[in-house]
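All figures in this text were calculated on a predicted structure; none of them were measured in a lab. We use all heavy atoms of the structure for the numbers below, so side chains are in, but hydrogens, waters and symmetry mates are not. All residue numbers in this chain count up from 1 along the given sequence.
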Amino acid sequence: MPRYGREAELKELAELVGGPAGRTAVLVRGAAGIGKSALVEAAVSAAPVAGPRALKTTGAEAERNLA
């Protein structure tokens, strides 16, 4: 599924996902509802079969002020 208007973000994530083998994590932050999950899913889907593992989490309201 295309992500209209998010080409730059998708390109950057693809470069990070396909980057050096020593990379340990990529953190995607932003306001609620802007499409972070969709971007991550698109990047992981485009990764090679032997590519990265994706761990997803959801914040809780109690953690809101920790960022």
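- When side chains are defined from C-beta on, Glu12 does not count as touching Glu9, because their heavy atoms never get closer than 4.5 Å.
- With a 4.5 Å cut-off on side-chain heavy atoms, Leu39 and Leu13 count as touching.
- In terms of the side-chain contact (heavy atoms from CB on, under 4.5 Å) criterion, residue partners of Lys11 (sequence neighbours excluded) are, by chain and number, Glu15.
- Between Ile34 and Lys36, some side-chain heavy-atom pair lies under the 4.5 Å cut-off.
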